[in-house]
Number of protein chains: 2
Amino acid sequence: MRSEDLAKLLGLSRSTISRVINNYPDIPQATRDKVWKAIEEHNYAPNASARNLAGVKNKMIAIILLDINDNEEPHHVKTTEDTIIHDNPFFSPVVNAVSDQANKMDYYVLVSIAYSKKDLKKVQNIFHQKIIDGAIFVGTQEAEYELIFNLIEQNHKIAMIDTSEVYNTDHDAIYINADNYEGSVKAVSYLLELGHTSLGIITGNLKKLSAIERLKGFEQTLTQHGIERHKDAIYHGDFTENSGYDGAKHLLSGPNPPTAIFVSNDTMAIGAYKAINELGLRIPEDISIIGFDNSFFSPYLNPALTTIEISFSDIAKRATTLLIESIEQEQQRRIVEKEDATLIKRESCKAIKSM
Amino acid sequence: MRSEDLAKLLGLSRSTISRVINNYPDIPQATRDKVWKAIEEHNYAPNASARNLAGVKNKMIAIILLDINDNEEPHHVKTTEDTIIHDNPFFSPVVNAVSDQANKMDYYVLVSIAYSKKDLKKVQNIFHQKIIDGAIFVGTQEAEYELIFNLIEQNHKIAMIDTSEVYNTDHDAIYINADNYEGSVKAVSYLLELGHTSLGIITGNLKKLSAIERLKGFEQTLTQHGIERHKDAIYHGDFTENSGYDGAKHLLSGPNPPTAIFVSNDTMAIGAYKAINELGLRIPEDISIIGFDNSFFSPYLNPALTTIEISFSDIAKRATTLLIESIEQEQQRRIVEKEDATLIKRESCKAIKSM
DNA sequence: CTGAAAGCGCTTACAG
DNA sequence: CTGAAAGCGCTTACAG
């Protein structure tokens with residue numbers, strides 16, 4: 001059914017049908033009602049391509065998940081190709097939240113996952129073909145910046161999630177990230193509140209901004225509280241389970257074993273749990289552990305892991321809102337925001353007698 | 001940049017540009033090369049809406065996740081609105097696999113999550129507006145069948161995942177599900193191989209086909225092996241953690257406690273673990289536990305849960321392939337398939353001395 | 001208030 | 001082999 005058909009049926013012109021659909025003023029209520037009724041009855045919906053070609057916005061955004069393998073070790077555990085994204089703890093909440101928010105703002109969502117540089121061309125095409133009005137990039141790495149900056153120059157609207165180190169670019173865009181520093185401060189403060197004064201940290205891969213900021217939060221909080229640290233209270237991990245295992249073994253076998261360890265992500269906490277088990281120690285009786293990320297598995301660890309939650313939902317929601325605003329205002333906004341990180345108390349931390 | 005611009009640049013007509021893009025025969029290689037070179041250089045890509053309006057297929061499918069609350073208790077744990085889909089163990093693998101497979105077949109993927117009946121209208125619109133060529137529905141319930149059947153009658157191409165009880169409809173469609181019966185047979189057979197002869201089962205909600213088939217597999221396998229069962233070896237659960245807890249308590253406090261329990265999903269296994277802990281029993285030394293689903297948390301339980309894996313990836317991939325084939329052949333296929341369920345051996349089952 | 005007509009950017013018979 | 005032209009189904013100035 002085309003608008004022409006509907007028009008004939010009602011003895012009107014396509015113009016009028018179009019006007020009521022697009023909510024033009026100066027149409028008598030009676031006509032309006034008649035048209036809407038016929039639309040409902042005949043399940044008419046204007047052809048999206050025709051509308052689009054005639055100048056109406058598509059109202060479609062893309063969420064583009066970048067998971068392109070260069071030589072870097074991945075942040076999250078990966079096994080077969082199938083599970084790459086599945087194992088990525090933010091895939092589900094991000095896609096879900098973007099979809100949800102876009103839906104509320106009356107936009108459609110295209111999902112595109114790029115595994116290879118070849119896929120990047122397809123991503124580019126989505127823009128050039130005018131399929132979408134804008135996109136949210138997730139997990140961008142340096143190799144992809146050029147593409148993105150080109151897109152911005154071509155006046156496409158862009159938001160980025162979980163993308164670091166580009167704040168100082170001269171390309172306006174929306175950058176939404178978690179507040180890693182603040183989350184780290186919360187973790188350490190909590191440990192201090194519980195009475196711990198001997199703290200260790202297993203860091204993430206210090207090439208990543210998130211790892212750096214988490215370490216910075218740890219160090220500065222201790223300094224602020226006048227707590228001295230042993231040099232060997234810092235173990236340089238890399239966000240993997242294995243390095244968590246090694247880190248815990250190392251920290252707990254030293255001369256001054258800490259009473260609490262801040263593990264820079266939950267994946268490493270799994271390794272730390274194993275190591276601690278093997279050492280015959282108990283969590284939290286002998287050693288308190290706090291993680292970071294509130295990964296999906298953290299409530300199921302034994303004991304349930306106390307950790308810092310980063311709400312990827314909130315981040316995704318915020319990025320979506322700002323992106324769509326940029327689209328509607330036809331002006332790319334420049335926004336750099338960090339979203340709150342929250343302490344999630346579970347069972348892996350214990351108060352210590354203050355002596 | 002429009003095809004007209006490119007044509008002028010090259011001293012050709014739009015027709016020729018179009019012909020090389022659409023791979024028409026009878027074009028000299030020289031022309032072809034020249035055009036492609038210019039396309040690359042100028043980042044030209046044909047406007048998708050214009051193409052579509054001119055009759056070329058969109059090459060876009062939708063994945064429609066139905067999570068509409070009627071009065072039914074949900075299969076999976078749900079908390080706040082944000083986490084509804086996030087907690088759904090198949091969201092991520094399904095979206096990922098559909099996207100991946102569609103990408104390989106050169107299709108785009110629209111994601112749509114419907115929480116309410118109101119959202120269903122939007123779903124309908126995606127079809128009527130001709131935005132997509134077909135769709136995969138996930139988790140359809142009875143209330144949505146009418147909509148789907150209407151769509152099929154209107155000649156839209158449809159596949160369904162995780163949708164039961166509609167096999168005997170007269171509407172052709174693609175139905176892809178897990179083989180619950182076979183998975184159950186594998187679970188029980190494994191337990192028998194380990195030497196267990198006294199088995200208990202905690203069933204799922206027996207209104208659901210999956211629960212029924214899992215129970216049927218349990219019963220028939222035992223019968224085939226000539227193993228008698230006590231009536232009280234069957235506990236009627238409902239797929240929730242609590243019912244797993246109650247079930248384990250019930251089965252293990254009876255007069256003839258089993259040496260192994262087949263728990264009809266992993267969520268209930270969490271409850272069973274708790275109960276067993278409280279009873280002072282150890283897994284697997286005192287009691288073997290096998291789950292179903294291979295939910296994301298099952299490797300992290302302590303001990304890691306042996307379970308039956310349903311590959312939502314495979315299911316999604318298969319559905320995507322068949323859907324796109326239906327689209328390209330312009331004929332809705334009728335296909336009913338069950339995908340393999342696989343035993344995942346971990347640490348919650350132990351061999352028993354044969355006396 | 002409303003219709004006739006141009007135009008959006010392609011594709012594809014139709015000619016040549 | 002290739003161009004001119006019709007047509008896809010809308011929207012929106014332009015008239016009236």
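The figures here come from the full heavy-atom set of this structure, side chains too, leaving out hydrogens, waters and symmetry mates. Residue numbers begin at 1 in each chain, while the letters A, B, ... track the order of the sequences.
- Listed nucleotides: dG3(C), dT11(D), dT11(C). Nearest to the side chain of S13(A): dG3(C).
- Aromatic ring orientation, F149(B) versus H171(B): parallel (interplanar angle below 30°, classes split at 30° and 60°).
- Separating the NZ atom of K57(B) from the P atom of dC8(D) is a distance of 18 Å, rounded to the nearest angstrom.
- Closest to the P28(B) side chain, of the nucleotides dT2(D), dG9(D), dG9(C), is dT2(D).
- Distance from the side chain of R19(A) is smallest for dT12(D) among the nucleotides dC1(C), dT12(D), dT2(D).
- The phosphate of dG9(D) has OP1 or OP2 within less than 4.0 Å of a side-chain N or O from R2(A).
- Listed pair Y44(A) / dG9(D) fails the phosphate criterion, with no side-chain N or O lying under 4.0 Å from OP1 or OP2.
- As a whole-Å value, the separation of I17(B) CD1 from dT12(C) C1' is 15 Å.
- In the set dC10(C), dC10(D), dG9(D), dC10(C) carries the atom at the smallest distance from any side-chain atom of A54(B).
- Within the shown strands, nothing qualifies as a pairing partner of dA4(D) under the Watson-Crick or G-U definition with both distances less than 3.5 Å.
- Counting only heavy atoms from C-beta on, S15(A) has its side chain closest to dA5(C) among dA5(C), dC10(D), dG3(D).
- In this structure, T16(B) reaches the sugar-phosphate backbone alone: every heavy-atom distance under 4.0 Å involves primed, P, OP1 or OP2 atoms, never a base.
- Between the CD1 atom of I61(A) and the CD1 atom of I327(A) there is a distance of 6.5 Å, given to the nearest 0.5 Å.
- The heavy-atom pair separating D172(A) from R334(A) by the smallest distance is OD1-CD, 3.3 Å.
- To the nearest angstrom, P of dG7(D) lies 17 Å from CG of L53(A).
- Base pairing analysis places dA13(C) opposite nothing; no Watson-Crick or G-U wobble pair with both distances below 3.5 Å involves it.
- Taking atom CD of Q129(A) as the reference point, atom C1' of dC8(C) lies 17 Å away to the nearest angstrom.
- Closest to the L12(B) side chain, of the nucleotides dC10(C), dG3(D), dC10(D), is dG3(D).
- The CZ atom of R51(B) sits 18 Å away from the P atom of dG9(D) (whole-angstrom rounding).
- If you measure from atom CD1 of I27(A) to atom P of dG3(C), you get 10 Å, rounded to the nearest angstrom.
- In this structure, S3(B) reaches the sugar-phosphate backbone alone: every heavy-atom distance under 4.0 Å involves primed, P, OP1 or OP2 atoms, never a base.
- Between the CG atom of N58(B) and the C1' atom of dG9(D) there is a distance of 14 Å, given to the nearest Å.
- Within the 4.0 Å cut-off from OP1 or OP2 of dC10(C), not a single side-chain nitrogen or oxygen of R14(B) is found.
- The residue among D26(B) and N22(A) whose nearest nucleotide of DNA chain D is located toward the 5' end is D26(B).
- How far CD1 of I158(A) is from CE of M160(A): 6.5 Å, rounded to the nearest 0.5 Å.
- Side-chain contact of N22(B) with S18(B): a donor-acceptor pair under 3.5 Å is present, judged by distance alone.
- Taking atom CG on L10(B) and atom P on dC1(D), their separation rounds to 18 Å, with Å as the unit.
- More than 12 non-hydrogen atoms from other residues, nucleotides or ligands lie less than 6.0 angstrom from CD of Q154(B).
- Put simply, N47(A) has no side-chain N or O that comes within less than 4.0 Å of OP1 or OP2 on dC10(D).
- N52(A) comes within 4.0 angstrom of no nucleic acid atom, judged by non-hydrogen atoms across all strands.
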